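Read the structure below first, then the notes.
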Amino acid sequence: AWKRMSKGGKLPPGPTPIPFLGNVLQVRTDATFQSFMKLKEKYGPVFTVYMGPRPVVILCGHEAVKEALVDRADEFSGRGELASIERNFQGHGVALANGERWRILRRFSLTILRDFGMGKRSIEERIQEEAGFLLVELRKTKGARIEPTFFLSRTVSNVISSVVFGSRFDYEDKQFLKLLQMINQSFIEMSTSWAQLYDMYSGIMQYLPGRHNRIYYLIEELKDFIASRVKINEASLDPQNPRDFIDCFLIKMHQDKNNPHTEFNLKNLVLTTLNLFFAGTETVSSTLRYGLLLMMKHPEVEAKIHEEIDQVIGPHRIPSVDDRAKMPYTDAVIHEIQRLTDIVPMGVPHNVIRDTHFRGYLLPKGTDVFPLLGSVLKDPKYFRYPDAFYPQHFLDEQGHFKKNEAFVPFSSGKRICLGEAMARMELFLYFTSILQNFSLRSLVPPADIDITPKVSGFGNIPPTYELCFMVR
Ligand code: HEM
Ligand code: ZN
């Protein structure tokens, strides 16, 4: 962070920073997003805060975020510093990379995700099969109360696992559960006020003991696991028959082995695989977990979904992606769940890749930018009741699905979520499969269900709760 002091330029206005400490007085580490929303009242939708010594340009609301990420897509396509995990990634892996490295890894990752989706077996079939296994597990609970976190993450993770590792894990696999617990915990740790504080003062805190170091060790352990899978793949590699993402990457590594500058190296392999495995697991399963809670808070919505499922799919047929177009209400509810739960409220940090003129300011090359996705998803110009759960946000008067350009849970522009297509398929198929077979029973009355996140920082972590799955 030290090297990122503003070099000239003309940054947007913002609160006066204290030397070195930055805007510690204005940005509460336990409520970063809310602090930014307060500053927006005073400084408008584009302002500068100093996260410690580092200036960051904050973008609020649909217009400002779109103007940057979409209209000026190239300039704003850099990845900014995500201090809490920088020690683990050091600019490697598709999600944290920049420049040529990022372009190569992103193109490669998208190609492989698409190929394994169109090959012998489509991703859709893989999700349908995996959802079937989940239903079996849920039936086994016989309506007893359960905490749903790992029921959901095991099944969701198996979809991306099939792509990157070539096979699913058994639900009883102890190592699998441990990996998922570490991913779950990492997402929480990245969202605590310790992580936000670290984001400001990593320059010194990286040398100090404390809770902020937990995330480092968690991610290192996940890296070790991936590295061990890479070794297993390497030992049994058949270049004519790649089995998964790791095989395809290894083949590229062998082809490029005489090029010392290649981006197809072990570090990028391990860290890109970890990006996909992590992002492919925790985001979708957190969204489902939050979504089920919202259904119990709004039983009238769950009832309408049951009705639409019964009409369009019936009780026996397995839901397919083609059903979505005939199920506008369910589609709208899933959009509204993603909008309101706002899993990544401050987005992932961006960075301008050259000196950039923006709204009369000049952002010097290398300036970090936070596109506050949560402020877009709750932009009052685009959503009638920004803080309410209101599926009609995505329905017209005739009950048809209605798009909304401020729906950006996956962000937008050149860095838009690489797994969006897979994630949207999973959300629809899991959601409809679960509700086709079960109704949800809450242990507390709807009015008493608190939907405030358990932790809010980098992520909005859903509250912990229990429920019963009652066979319909
Ligand atoms: C990036 C959201 C599912 C892989 C992102 C970003 C967001 C996001 C907000 C940052 C975009 C930016 O930099 O502006 C979500 C949500 C998901 C989801 C809400 C589910 C509900 C997935 C899945 C995968 C995935 C299933 C894997 C298949 C990635 C990767 C990146 C990314 C690799 C980094 C892209 C880059 O830096 O070029 N996602 N994601 N995500 N996501 Fe997702
Ligand atoms: Zn309601």
Side-chain angles (χ1 to χ4, degrees), residues 59 65-66 68-70 73 76-82 85 89 91-99 101-114 116-117 123 126-127 130 152-153 155-165 183 187 244-245 268 271-291 334-335 337-351 353 368-374 376-377 407-431 458-460 462:
L59 307 175
V65 169
K66 176 185 166 284
L69 299 194
V70 180
F76 284 87
S77 69
R79 175 63 74 220
E81 183 175 316
L82 200 56
I85 56 172
F89 286 88
H92 291 75
V94 63
L96 283 301
N98 268 308
R101 174 179 302 158
W102 166 68
R103 253 184 298 282
I104 290 167
L105 294 174
R106 180 157 175 121
R107 194 182 312 125
F108 178 79
S109 304
L110 278 169
T111 306
I112 304 298
L113 282 182
R114 206 174 34 235
F116 276 98
I123 297 271
R126 188 70 269 279
I127 301 169
E130 201 55 58
L152 296 171
S153 68
T155 187
V156 165
S157 187
N158 267 339
V159 177
I160 188 69
S161 292
S162 305
V163 175
V164 296
F165 304 128
I183 290 179
F187 197 47
D244 51 32
F245 180 86
N268 279 328
L271 293 171
T272 300
T273 306
L274 179 55
N275 287 156
L276 295 172
F277 184 47
F278 192 119
T281 296
E282 203 53 31
T283 51
V284 175
S285 69
S286 295
T287 305
L288 285 172
R289 191 156 93 248
Y290 231 141
I334 294 172
H335 279 72
I337 288 169
Q338 284 202 273
R339 186 191 72 79
L340 195 67
T341 60
D342 178 19
I343 289 298
V344 195
M346 296 182 280
V348 182
H350 280 241
N351 181 286
I353 63 170
D368 277 1
V369 177
F370 291 0
L372 299 192
L373 301 181
V376 183
L377 294 171
F407 178 76
V408 292
F410 300 101
S411 189
S412 53
K414 296 204 168 181
R415 284 273 179 175
I416 191 170
C417 175
L418 204 149
E420 175 181 2
M422 180 187 270
R424 287 178 30 96
M425 235 187 249
E426 290 184 50
L427 289 175
F428 178 76
L429 294 175
Y430 278 114
F431 212 71
F458 174 70
N460 275 326

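Owing to the predicted nature of the structure, the values given are computational and were not obtained by experimental measurement. Every heavy atom of this structure was used, including side-chain atoms; hydrogens, water molecules and symmetry mates were not. Read the numbers this way: they start at 1 and go in the same order the structure lists the ligands and their atoms.
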Structural part of [X] in contact with ligand 1, heavy atom criterion under 4.0 angstrom:
| X | result |
| --- | --- |
| L373 | side chain |
| Q338 | side chain |
| I343 | neither |
| I160 | side chain |
| R106 | side chain |

To the nearest 0.5 Å, how far apart are [atom1] in [X] and [atom2] in [Y]?
| X | Y | atom1 | atom2 | result |
| --- | --- | --- | --- | --- |
| R289 | I343 | CZ | CD1 | 8.0 Å |
| S412 | L373 | OG | CG | 7.5 Å |
| I160 | F165 | CD1 | CZ | 9.0 Å |
| N98 | R79 | CG | CZ | 8.0 Å |

Quiz prompt | Pairing residues for H335 by the ring-ring contact (aromatic ring centres under 6.0 Å, His included) criterion, not counting sequence neighbours | solution =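 Here the qualifying residues are F394, F401, F407.
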Quiz item: What residues, two or more places apart in sequence or in another chain, satisfy ring-ring contact (aromatic ring centres under 6.0 Å, His included) together with F89?
Solution: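 Checked F89 against ring-ring contact (aromatic ring centres under 6.0 Å, His included); zero matches.
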Quiz item: Between R415 and V348, does a side chain to side chain contact (heavy atoms under 4.5 Å, CB included) hold up when you go through it step by step?
Solution: CA-CA 9 Å; R415 284 273 179 175; V348 182; over 6 Å; no
Number the atoms of ligand 1 from 1 as they appear, then name those within less than 4.0 Å of a heavy atom of [X], with their elements.
| X | answer |
| --- | --- |
| M422 | 28 (C) |
| H350 | 12 (C), 13 (O), 14 (O) |
| V94 | 33 (C), 37 (O) |
| S411 | 11 (C), 12 (C), 14 (O) |
| T287 | 21 (C) |

Taking [atom] as the reference point, the nearest protein heavy atom with its distance:
| atom | answer |
| --- | --- |
| atom 34 (C) of ligand 1 | A95 CB, 3.6 Å |
| atom 10 (C) of ligand 1 | V348 CG2, 3.4 Å |
| atom 11 (C) of ligand 1 | R415 O, 3.2 Å |

Exercise. In sequence, state the C-alpha distance, the side-chain angles, and the governing distance for L427 and T287, and then conclude on side chain to side chain contact (heavy atoms under 4.5 Å, CB included).
Key: CA-CA 8 Å; L427 289 175; T287 305; 3.9 Å; yes
Quiz item: Would I123 and V163 satisfy side chain to side chain contact (heavy atoms under 4.5 Å, CB included), going step by step from the backbone distance to the final call?
Solution: CA-CA 9 Å; I123 297 271; V163 175; 3.8 Å; yes
Self-check item: Heavy-atom check, side chain of N275 versus side chain of L96, under 4.5 Å
Solution: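 Yes; the side chains approach each other to less than 4.5 Å.
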Self-check item: L105 and N268, any side-chain heavy atoms less than 4.5 Å apart
Solution: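 N268 reaches L105 side chain to side chain.
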Quiz item: If you draw a sphere of radius 2.8 Å around atom 43 (Fe) of ligand 1, how many protein N/O/S atoms end up strictly inside it?
Solution: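 Those protein atoms number 1 in total.
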Practice problem: Give yes if a backbone or side-chain nitrogen or oxygen of W102 is under 3.5 Å from a nitrogen or oxygen of ligand 1, and no if not. | Solution: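 Min N/O separation from ligand 1 is below 3.5 Å for W102.
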Exercise. Please indicate whether any nitrogen or oxygen in N275 is less than 3.5 Å from any nitrogen or oxygen in ligand 1.
Key: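 No; the residue has no nitrogen or oxygen that sits under 3.5 Å from a nitrogen or oxygen of the ligand.
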Quiz item: Yes or no on side chain to side chain contact (heavy atoms under 4.5 Å, CB included) for F245 and T272, after CA distance, side-chain angles and deciding distance?
Solution: CA-CA 10 Å; F245 180 86; T272 300; 3.8 Å; yes
Quiz prompt | Distance-minimising heavy-atom pair for S157 and T281 | solution =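 Looking at all heavy atoms of both residues, the closest pair is OG-OG1, 3.0 Å.
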Quiz item: When you measure from atom 9 (C) of ligand 1 to each heavy atom in P409, G78, G347, which option holds the nearest one?
Solution: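 When every heavy atom of P409, G78, G347 is considered, P409 comes closest to atom 9 (C) of ligand 1.
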Quiz item: Does any pair with a residue in residues 419-430 pass salt bridge (Lys or Arg N to Asp or Glu O under 4.0 Å), and if so which ones, sequence neighbours excluded?
Solution: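 As it turns out, there is no salt bridge (Lys or Arg N to Asp or Glu O under 4.0 Å) pair with a partner in residues 419-430 once direct neighbours are skipped.
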